[in-house]
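Inspection log for the structure reproduced underneath, given as structure tokens.
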Amino acid sequence: EAGVAQSPRYKIIEKRQSVAFWCNPISGHATLYWYQQILGQGPKLLIQFQNNGVVDDSQLPKDRFSAERLKGVDSTLKIQPAKLEDSAVYLCASSLGMNTEAFFGQGTRLTVV
Amino acid sequence: AQSVAQPEDQVNVAEGNPLTVKCTYSVSGNPYLFWYVQYPNRGLQFLLKYITGDNLVKGSYGFEAEFNKSQTSFHLKKPSALVSDSALYFCAVRVDLLSGGYNKLIFGAGTRLAVHP
């Protein structure tokens with residue numbers, strides 16, 4: 001079974017630029033998550049989708065971050081404009097449903113300079 | 001407030017000795033609890049879960065966890081630690097959202113496990 005795919009693995013951008021991350025979840029997984037993990041901290045949930053609907057985005061900085069899940073499968077997370085404090089690893093995960101374990105991709109390491 | 005806590009930033013243990021990584025939680029309703037491990041420059045890897053049933057849950061790589069409802073804890077354990085177990089460990093819990101019957105998955109701050117030869 002293929003795992004969660006994320007791209008790119010690494011990205012370096014200047015502040016005020018924009019960036020987008022892509023995620024392809026495990027086939028058949030209805031729930032998709034985007035987490036931000038700052039070095040030395042636990043993952044912070046940015047947004048959670050159930051199929052193509054958002055069930056929680058309470059910690060998403062909506063003035064600069066946006067996310068969508070097309071047709072309930074792939075998802076993109078965008079930052080525009082980026083700030084220095086956005087430097088982190090962005091993790092995508094998926095699960096069959098609300099009460100099952102989530103499986104994670106390798107993550108995208110973003111450095112904002 | 002619904003939350004999950006890992007009270008220790010780091011746990012040090014000698015190879016061959018038993019290890020425990022602590023986790024406590026606060027949720028409304030029945031808890032759904034998980035442990036994950038993260039190796040350097042890797043994503044999180046699922047170890048084990050508690051949904052219902054036996055309080056002692058067995059998972060990957062010889063790890064197990066004990067669910068204690070009265071102490072609201074879900075400590076990760078292993079009878080004999082290996083140097084290769086050295087990594088970052090995260091406890092996670094599903095917390096109910098206010099509407100729609102949904103829940104979200106939140107993580108503790110993590111505990112770094114260092115196993116010394």
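The figures here come from the full heavy-atom set of this structure, side chains too, leaving out hydrogens, waters and symmetry mates. Lettering follows sequence order; numbering is per chain, from 1. Everything quoted here is computed from the prediction, not taken from an experiment.
Looking at S58(A), the atoms closer than 4.5 Å to chain B (heavy atoms on both sides) all sit in the side chain, from C-beta outward. Looking at K49(B), only its side chain comes within 4.5 Å of chain A, counting heavy atoms on both sides. If you measure heavy-atom distances from R42(B) to chain A, the contacts under 4.5 Å come from both the backbone and the side chain. Contact annotation for Q38(B): only side-chain heavy atoms (C-beta onward) come within less than 4.5 Å of a heavy atom of chain A. If you measure heavy-atom distances from I51(B) to chain A, the contacts under 4.5 Å come from the side chain alone.
Aromatic pair F67(B)/Y50(B): ring centres closer than 6.0 Å. Two rings, from F104(A) and F107(B), have their centers less than 6.0 Å apart.
Note on K78(B) versus D85(B): salt bridge recorded, some NZ/NE/NH1/NH2 to OD/OE distance being below 4.0 Å. The pair D57(A)-K62(A) counts as a salt bridge, with a side-chain nitrogen and a carboxylate oxygen less than 4.0 angstrom apart. In summary, R64(A) and D86(A) engage in a salt bridge, as defined by a charged side-chain N under 4.0 Å from a carboxylate O.
Taking chain B as the reference chain and counting heavy-atom pairs below 4.5 Å, the highest number among K44(A), Q6(A), R9(A), Q41(A) is found for Q41(A). Chain B forms more heavy-atom pairs under 4.5 Å with one residue of Q48(A), E101(A), Q106(A) than with any other, namely E101(A). Of the listed residues (L91(A), V89(A), V55(A)), the one with the most heavy-atom contacts under 4.5 Å to chain B is V55(A).
Residues Y61(B) and L47(B) are in side-chain contact: their nearest non-hydrogen atoms beyond the backbone lie under 4.5 Å apart.
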